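Just below is one structure, and these are the notes that go with it.
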Amino acid sequence: MNNPIITVASGKGGTGKTTVASCLALSASRPLQFFDCDVEEPNASIFLKPEITHTQDVTMEVPEIDYSKCTLCGKCAEICMYNALAVTGQEVLTFTELCHSCGGCWVLCPENAVNTTDKKIGIIQSGKAQENIHYSQGQLEVGAPTTPPLIKAVKNEIREDLPAILDAPPGTSCPVVEALEDTHFALLVTEPTGMGLNDLALAVELTRVLNIPCGVIINRASETYDKIDKYCEEKNIPVLLKIPADREIAAAYSQGTAPVYIKPELKKEFQKIMEYIERVTSGERTGNHQR
Amino acid sequence: MKIAVSSTGSGIDSPVENRFGRCNYFVIIDENGNHLETIENEAKNSPHGAGIAAAQSIINSGAGAVLTGKIGPKALQPLQSAGIKVYVGVDGNISQALEKFKQGKYELAG
């Protein structure tokens, strides 16, 4: 059986990534994995209500100076493109909050005087949600400056024997690249506004660079704004679903209830999307997606 | 003693730049107001840690004092570790700043 890794992304924040990712998971007819990769503010748990049974620390290697070997030559600070080291003539100061763990300093130190030490950058919490969802979320440590290493650690938990849904952070920068990389399908959520379209186009460009097939879901869809449809037609991207701008959905959302619970017809739509993604990712491309 | 002044321009008549880490130049003078050197601040466009990299270039220049408007804690730490005196609240142009410095009108940072 095909077990695609699906990333729900958006470009623009607040379009409904977590809502869509949660609905997709809650509609599935078989067990799957869910990963909240929006590690600065993981919130899919509001919809999925997992029981967290396991918590683990995630660490990153940062430099630690061995003064029995260090000659204060300054090479480490010279090559650090993140300005995480300063050599003063007395000591080497390390600013680990700026370190990206690139390894440059400990690889290039001519005296072999840079050791590494582990710095905690966050945690991964895991457990079961509903009956068939294996849930995991990353939670960034307060003060940790970068999210990609933690997102990578969350993705290391992906098992090959089940489909996986990843809730990505917003935007199109490094954290989103990290979430999308090596996944099989990008489900791009947008809204019928100029900003929604602008940021959708950025996200589409990103998926093209990463060579990941994508489909679009328009949330809070409006009859009067058709620029997203036109864009998708022009770019040959399937619009897989339009979630209506609906008062009942909004009210349920505000209570932490996923739309599939109050609009059962949406559940079928999400099941069809899952089937579509399974087809596309198994190589049997249908060519024209009609909906 | 070499004195490094954060500056908007490269010359000795330039106005002092208020920001340490993201100034355009460091103009190095001596206590008599002689212009010894100008260092371009390559760190100014760094996304993060500009002050640390700027401090490193000041350390490497051999300066014993810094005159600037404001300096952040990360930039101050390596300068203090290197024994460099950092004076803040400096404004006007570089020669005016040197006069006031010699009169003891500026306070040490930190």
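First the proteins, then the strands, lettered A, B, ... as listed; each starts at 1. On a predicted model such as this, the values are computed, not experimentally measured, just so you know. All values below were derived from every heavy atom in this structure, side-chain atoms included, with hydrogens, water molecules and symmetry-related copies excluded.
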- Within a radius of less than 6.0 Å around NE2 of His48(B), do more than 12 heavy atoms belonging to other residues, nucleotides or ligands occur? no

- Query: Hey, are Lys44(B) and Asn24(B) close enough side-chain-wise for a donor-acceptor pair under 3.5 Å?
  - Reply: yes

- Task: Spell out the residues in residues 60-91 of chain B that have some non-hydrogen atom less than 4.5 Å away from a non-hydrogen atom of chain A, in order of number; otherwise answer 'none'.
- Result: Lys74(B), Gln77(B), Pro78(B), Ser81(B), Ala82(B)

- Query: So, Glu61(A) and Thr116(A): side-chain donor and acceptor under 3.5 Å apart, yes or no?
  - Reply: yes

- Query: Between Thr146(A) and Leu140(A), which heavy-atom pair has the shortest distance, and what is it?
  - Reply: O-CD1, 3.7 Å

- Message: I need the single residue from Val8(A), Ile165(A), Leu188(A), Asp167(A) that forms a side-chain contact (heavy atoms from CB on, under 4.5 Å) with Val20(A). Which is it?
- Response: Val8(A)

- Query: Which atom names give the shortest non-hydrogen contact between Asn45(B) and Arg22(B), and what distance separates them?
  - Reply: C-NH1, 4.1 Å

- Query: Counting distance only, does the side-chain N/O of Glu40(B) pair as donor-acceptor with the main-chain N or O of Glu42(B) below 3.5 Å?
  - Reply: no

- Item | Side-chain donor-acceptor pair present, Asn219(A), Thr15(A), cut-off under 3.5 Å | no

- Message: Which atoms of Ala43(B) are under 4.5 Å from chain A, going by heavy atoms: the side chain, the backbone, both sets, or neither?
- Response: neither

- Query: Should the pair Glu191(A)-Lys12(A) be classified as a salt bridge under the 4.0 Å nitrogen-to-oxygen rule?
  - Reply: yes

- For the pair Asp57(A) and Lys120(A), find out whether any cationic side-chain nitrogen is under 4.0 Å from an anionic carboxylate oxygen. yes

- Message: Quick check: under 4.5 Å, non-hydrogen atoms only, which of residues 34-48 of chain A neighbour chain B?
- Response: none

- Query: Taking all non-hydrogen atoms of both residues, which atom of Val27(B) and which atom of Ser10(B) are closest, and how far apart?
  - Reply: CG2-O, 3.7 Å

- Query: Applying a criterion of heavy atom separation less than 4.5 Å, what residues of residues 86-108 of chain A form contacts with chain B?
  - Reply: Ala86(A), Val87(A), Thr88(A), Gln90(A), Glu91(A), Leu93(A), Phe95(A), Glu97(A), Leu98(A)

In a table with atom names and distances, give each donor-acceptor pair under 3.5 Å that connects a side chain of residues 199-215 of chain A to protein atoms at least two apart or in another chain.
residue	atom	partner	partner atom	Å
Thr207(A)	OG1	Val204(A)	O	2.7
Arg208(A)	NH2	Lys235(A)	O	3.2

- Do you know the tightest heavy-atom contact between Cys23(B) and Ser6(B)? SG-CB, 3.8 Å

